[in-house]
**Q** 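I have a structure I would like to understand better, so I am pasting it below and will then ask my questions one at a time.
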Amino acid sequence: MSTTVRGLDHFRLGLLFAVGSAFTFGMSGPFAKALMGAGWSPTAAVAARLAGGALVMAIFASVVKPGWLREARAHARTVVAYGLVPIAGAQLCYYNAVAHLSVGVALLLEYTAPILVVGWIWGTTRRRPRTVTLAGVALAVAGIMLVLNVFSGAAGPATSGTGGAHINAVGVAWGLAAAICAACYFMMSDEVSADGSGLNSITLAAGGLIVGAIAVGLLGLTGVMPLVFTADNAAVAGMTVPWWIPVIMLAVVATAVAYTLGISGVARLRPSFASLVGLGEVLFAVLSAWALLGEAITVTQAIGGGVVLLGLALARQGDRGTAVTAATWPDAGPMEEVATPAPA
């Protein structure tokens with residue numbers, strides 16, 4: 001009886017951490033968009049988030065795992081790849097998408113990554129996915145078409161405000177690029193699991209954030225991508241606040257706290273279940289955008305978002321391949337295969 005109770009408490013705690021992680025990650029887009037409204041470039045918002053998050057995570061890792069730097073050097077290739085693609089690449093593309101789209105639409109586009117993974121695995125292995133997986137992919141595609149107003153022909157000029165989601169072709173392209181970075185993350189999961197057995201999730205998160213922050217900073221400093229900071233006030237939840245408030249919220253809450261909660265949740269839940277909980281980030285992002293920025297989506301787009309989530313859940317549930325089920329989302333913590341195992 002006591003073992004059952006402990007197991008239930010363990011699951012509940014893991015679920016609480018996972019939901020908290022999805023909620024805090026969902027706040028990333030709205031706070032970044034508030035900075036962009038104050039004149040920041042998407043690259044500057046990503047750089048501030050990653051630099052601040054890397055600092056906090058490095059301090060946290062030094063306290064709970066003093067040898068993390070040595071471990072990161074031993075797995076340098078994995079840490080660098082994780083920092084460049086799933087962290088820096090996905091966030092740069094996502095934030096550029098947010099600059100042109102509503103937060104919810106941008107995140108939904110990024111979360112179509114499992115569709116790309118299913119197609120890649122099918123094409124490279126010649127192994128047909130399960131029927132439920134294909135059904136999920138079809139649902140997700142139909143949902144995306146609803147979100148982008150394809151059936152009504154309204155996916156042309158960008159609109160904004162509370163009357164409808166902000167849609168345009170440039171933003172959609174950035175969102176799909178974010179999905180490609182996310183798909184690369186899934187395909188990296190096998191390599192990470194095979195890169196020795198000692199790579200700890202905290203090391204991966206801290207090291208990856210540092211690599212990502214350096215990469216984004218170099219892109220900005222060399223002029224490859226515009227790096228524009230301002231000291232202008234930002235608009236958050238109908239209030240005018242100093243620029244450093246959304247920066248702190250991005251770095252501490254939406255990055256350091258979110259990664260820490262994600263690590264703790266993944267360590268206590270089954271990988272496939274934890275990744276499904278991560279789908280809640282889309283819903284939390286939409287709610288945060290509504291509360292903090294006044295963004296809303298139409299009824300049709302809301303229905304489409306629900307269809308996308310249902311389709312992705314079916315696709316993830318139906319595909320038992322390692323490359324899909326053994327990974328979580330690119331912006332929701334480190335890979336589950338290297339997460340600290342749950343206590344017996």
Side-chain angles (χ1 to χ4, degrees), residues 5-32 49 53 56-57 60 64 86-87 90-91 94 103-104 106-108 110-111 113-114 136 140 182 185-186 201-202 204-205 209 237 249-293 295 297 302 305-317 324-343:
V5 172
R6 283 198 303 270
L8 183 59
D9 290 342
H10 194 71
F11 170 81
R12 287 174 176 171
L13 185 60
L15 182 60
L16 180 63
F17 284 147
V19 172
S21 177
F23 173 74
T24 48
F25 272 121
M27 298 172 69
S28 164
F31 281 116
R49 179 189 182 187
V56 176
M57 277 301 298
F60 174 74
V64 302
I87 291 184
Q91 291 187 33
Y94 169 57
V103 171
L107 197 57
L108 278 171
E110 182 182 2
Y111 270 51
Y185 165 84
F186 287 111
S201 54
I202 294 176
L204 183 61
L209 283 170
M249 293 298 292
L250 269 177
V252 178
V253 177
T255 303
V257 172
Y259 270 91
T260 303
L261 289 176
I263 291 167
S264 301
V266 165
R268 291 168 171 81
L269 298 174
R270 292 178 57 191
S272 58
F273 184 79
S275 62
L276 290 176
V277 175
L279 289 171
E281 183 186 341
V282 177
L283 303 180
F284 287 130
V286 171
L287 291 175
S288 297
W290 169 73
L292 299 175
L293 302 177
E295 286 187 351
I297 59 177
V307 172
V308 170
L309 296 181
L310 176 60
L312 292 178
L314 282 176
R316 294 293 299 277
Q317 190 70 18
V324 178
T325 59
T328 183
W329 299 104
D331 196 32
M335 302 167 200
E336 288 153 328
E337 281 200 309
V338 295
T340 305

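Just so you know, these numbers use all the heavy atoms, side chains as well, and skip hydrogens, waters and symmetry mates.
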**Q** Which pair of non-hydrogen atoms, one from Ser28 and one from Arg49, has the smallest distance, and what is that distance?
**A** OG-NH1, 2.9 Å

**Q** If you take all heavy atoms of Tyr94 and Gly29, which pair is closest and at what distance?
**A**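 Here Tyr94 and Gly29 meet closest at OH-CA, 3.6 Å.
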
**Q** Show the nearest heavy-atom pair for residues Ala205 and Met57, with the distance to one decimal.
**A** CB-CE, 3.9 Å

**Q** I'd like to check the side chain to side chain contact (heavy atoms under 4.5 Å, CB included) partners of Ala251; sequence neighbours left out, ordered by chain and number.
**A**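 Partners of Ala251 under the side chain to side chain contact (heavy atoms under 4.5 Å, CB included) test: none.
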
**Q** If you take all heavy atoms of Ala256 and Gly53, which pair is closest and at what distance?
**A**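 Minimum heavy-atom contact is CB-O, 4.4 Å.
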
**Q** What's the shortest heavy-atom distance between Pro30 and Gly26, and which atoms?
**A** CD-O, 3.4 Å

**Q** Is there side-chain contact between Thr255 and Val56, with heavy atoms separated by less than 4.5 Å?
**A** no

**Q** Could you give the distance from CD1 (Ile87) to CG (Leu204), rounded to the nearest 0.5 Å?
**A**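 Ile87 CD1 to Leu204 CG: 7.0 Å, rounded to 0.5 Å.
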
**Q** Minimum heavy-atom separation for Ala258 and Ser21, please, with both atom names.
**A**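 Heavy atoms of Ala258 and Ser21 come nearest at O-OG, 3.1 Å.
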
